[in-house]
Enquirer: 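Structure incoming, see below.
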Amino acid sequence: MNTESAIDWNEMFEYPPGTIVELKDKPGVLHQIDYYEAMMVPPIWLVDDPRPRYPHELRIVSRRDAQVCALELQAVAV
């Protein structure tokens with residue numbers, strides 16, 4: 001991983017796929033984040049929305065269905 005690249009890793013982890021958001025200019029209409037394209041400007045694509053969005057256009061509503069790694073203990077044989 002190149003940590004010196006121009007990719008905003010914090011923003012990428014703030015908007016994972018599955019996160020439920022609403023557009024600030026259309027409150028009450030919910031969308032789900034399809035994916036974050038780090039090399040695109042704007043970088044956030046929503047399901048059923050043909051136009052990518054900037055983070056400042058969105059308000060995060062829920063991360064319940066976001067695709068994240070589970071934090072579980074795993075047995076390791078040594």
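All residue numbers in this chain count up from 1 along the given sequence.
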Enquirer: Restricting to non-hydrogen atoms, name the atom on Met12 and the atom on Ala38 that form the minimum distance, rounded to 0.1 Å.
Expert: CE-CB, 3.2 Å
Enquirer: Do other residues, nucleotides or ligands put more than 12 heavy atoms under 6.0 Å from Asp25 CG?
Expert: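 Atom CG in Asp25 is crowded, with more than 12 foreign heavy atoms closer than 6.0 Å.
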Enquirer: Starting at CZ of Phe13, measure out to CG of Asp8 and round the result to the nearest 0.5 Å.
Expert: 10.5 Å
Enquirer: In terms of heavy-atom contacts, does NZ of Lys26 have more than 12 from other residues, nucleotides or ligands at under 6.0 Å?
Expert: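 Atom NZ in Lys26 is not packed in, count stays at 12 or less.
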Enquirer: Check Pro43 against Glu11 and note the closest heavy-atom contact, atom names and distance.
Expert: CG-OE2, 3.7 Å
Enquirer: Taking the side chain as every heavy atom from C-beta outward, state whether Leu23 and Val29 have any atom pair closer than 4.5 Å.
Expert: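 A side-chain contact under 4.5 Å is absent here.
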Enquirer: Could you measure the distance from the CD atom of Glu37 to the CD1 atom of Ile44? Nearest 0.5 Å is fine.
Expert: 12.0 Å
Enquirer: Linking I/L/V/M/F/W/Y whenever their side-chain heavy atoms sit closer than 4.5 Å, directly or via other members, would Tyr36 and Ile60 fall into one cluster?
Expert: yes
Enquirer: Between Glu57 and Tyr54, is there a donor-acceptor pair closer than 3.5 Å when you use the side chain of the first and the backbone of the second?
Expert: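 Judged by distance alone, yes, a pair lies under 3.5 Å.
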Enquirer: Quick check against the 3.5 Å criterion: does Arg63 have a side-chain atom that pairs as donor or acceptor with the backbone of Glu14?
Expert: yes
Enquirer: Enter the distance from Asp34:CG to Thr19:OG1 here, rounded to the nearest 0.5 Å.
Expert: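 Those atoms lie 11.5 Å apart.
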Enquirer: I'd like to know if the side chain of Glu22 and the backbone of Leu30 have a donor-acceptor N/O pair within less than 3.5 Å.
Expert: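 Pair absent, no side-chain N/O of Glu22 close to backbone of Leu30.
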Enquirer: Is there a path of hydrophobic side-chain contacts, each under 4.5 Å between heavy atoms of I, L, V, M, F, W or Y residues, that connects Met40 with Trp9?
Expert: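 The answer is no; the residues belong to distinct hydrophobic clusters.
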Enquirer: Once rounded to the nearest 0.5 Å, what's the spacing between atom CD1 of Ile33 and atom CD1 of Ile20?
Expert: 8.5 Å
Enquirer: Going through the checks in order, is the side chain to side chain contact (heavy atoms under 4.5 Å, CB included) test met by Gln32 and Leu46?
Expert: CA-CA 6 Å; Gln32 185 176 29; Leu46 305 175; over 6 Å; no
Enquirer: To the nearest 0.5 angstrom, please state how far the OH atom of Tyr15 sits from the CG atom of Asn10.
Expert: 11.5 Å
